[in-house]
Amino acid sequence: MNLRNTEDRYGAVAQLLHWGMLILFIALYLIAESMEDLPKGPDKFELIGLHKSLGVTALLLVLARVGWRFVSPAPATAADLSPLQQRMAGILHILLYICMFAMPITGYVMSMAGGHPIEVFGLFSLPDLVGESHDLKEFAEEAHEITWVAIMVLVGLHAAAALFHHFVARDSVLRRMLPGGASA
Ligand code: HEM
Ligand code: HEM
């Protein structure tokens, strides 16, 4: 399988970044749910620390993903899609990218404005570019939550469309993002 994208399918690097991000999002969500359920104490702080470290990893992953699109341009839109579907898929992808950036950035601002440091896996701390501010912390916390709701709606539509194409329309759309096999 090609590392790079080809004319009609995604290569190994784009696939790894795509499915890796899905796994990371599920982990971030599960950790966020358990950390919010715990009473204040060392266990809670450990989980929050893990959530922040993985969240920063997600930011690095989306930066790598955008960078890779410059190195290896995305394949042409799937030929099986109508012009309207192609346009809708394109808009959905752009909105997903905006959310992939918004989630860690609002997380960063929330922590910094709240006066909490961000240590990445105990290796290094991120610089504070924000400064403490109660109002900004509240705003970023709200934005973090709203962006998450948007992600769930957008990913729901995106995944439903991919599964519809695979199982109902029986075209190549999902296979373009899966290892092996010819795309057409
Ligand atoms: C793509 C990356 C991220 C995802 C998918 C994610 C996801 C979530 C989710 C689902 C929640 C649950 C509560 C809610 O609905 O807001 C949450 C809460 C939280 N996240 Fe993230 N997060 C990410 C990145 C970050 C980063 C980078 C930080 C900080 C450096 C962070 C800090 C927090 C904190 C402190 C909370 C608890 C907020 C509260 O008390 O309401 N997150 N995150
Ligand atoms: C079960 C979950 C998912 C399924 C079944 C799925 C399926 C797919 C498929 C089949 C493609 C290729 C579409 C094409 O031919 O152009 C694709 C591309 C894409 N997906 Fe997903 N996806 C899922 C989750 C996610 C998540 C969680 C995100 C981000 C939050 C995401 C963001 C994207 C983006 C931005 C593209 C455009 C290609 C790129 O730049 O990497 N997907 N997805």
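Whatever order the structure lists them in is the order used to number ligands and atoms, beginning at 1.
- For atom 21 (Fe) of ligand 1, the nearby protein N/O/S atoms, meaning those under 2.8 Å, are H51 NE2, H144 NE2.
- With sequence neighbours excluded, the residues that form a side-chain contact (heavy atoms from CB on, under 4.5 Å) with F101 are L59, V62, L63, V66, I105.
- Ligand 1 is never approached by E33 to a heavy-atom distance shorter than 4.0 Å.
- In terms of polar-atom proximity, defined here as any N/O pair under 3.5 Å, Y97 does make such a contact with ligand 2.
- Residues satisfying the ring pair (Phe, Tyr, Trp, His ring centres under 6.0 Å) test with H93, not counting sequence neighbours, are H158.
- For atom 12 (C) of ligand 2, the closest heavy atom belonging to the protein is Y10 CE1, 3.7 Å.
- Among R176, R65, R9, H166, the residue whose heavy atom lies closest to atom 35 (C) of ligand 2 is R65.
- Considering backbone and side-chain N/O atoms, E141 comes within less than 3.5 Å of an N/O atom of ligand 1.
- Protein N/O/S atoms nearer than 2.8 Å to atom 21 (Fe) of ligand 2 total 2.
- Closest to atom 13 (C) of ligand 1 among all protein heavy atoms lies E36 OE2, 3.2 Å.
- Taking atom 15 (O) of ligand 1 as the reference point, the nearest protein heavy-atom neighbour is E145 CG, 3.3 Å.
- The residue from M152, R69, M100, R175 that puts a heavy atom closest to atom 29 (C) of ligand 2 is M100.
- From H18, atom NE2 reaches atom CG of L61 across 11.5 Å, with rounding to the nearest 0.5 Å.
- Under a 4.0 angstrom heavy-atom cut-off, M35 registers as being in contact with ligand 1.
- The closest protein non-hydrogen atom to atom 5 (C) of ligand 2 is W19 CH2, 3.8 Å.
- The protein non-hydrogen atom at the shortest distance from atom 30 (C) of ligand 1 is I118 CD1, 3.3 Å.
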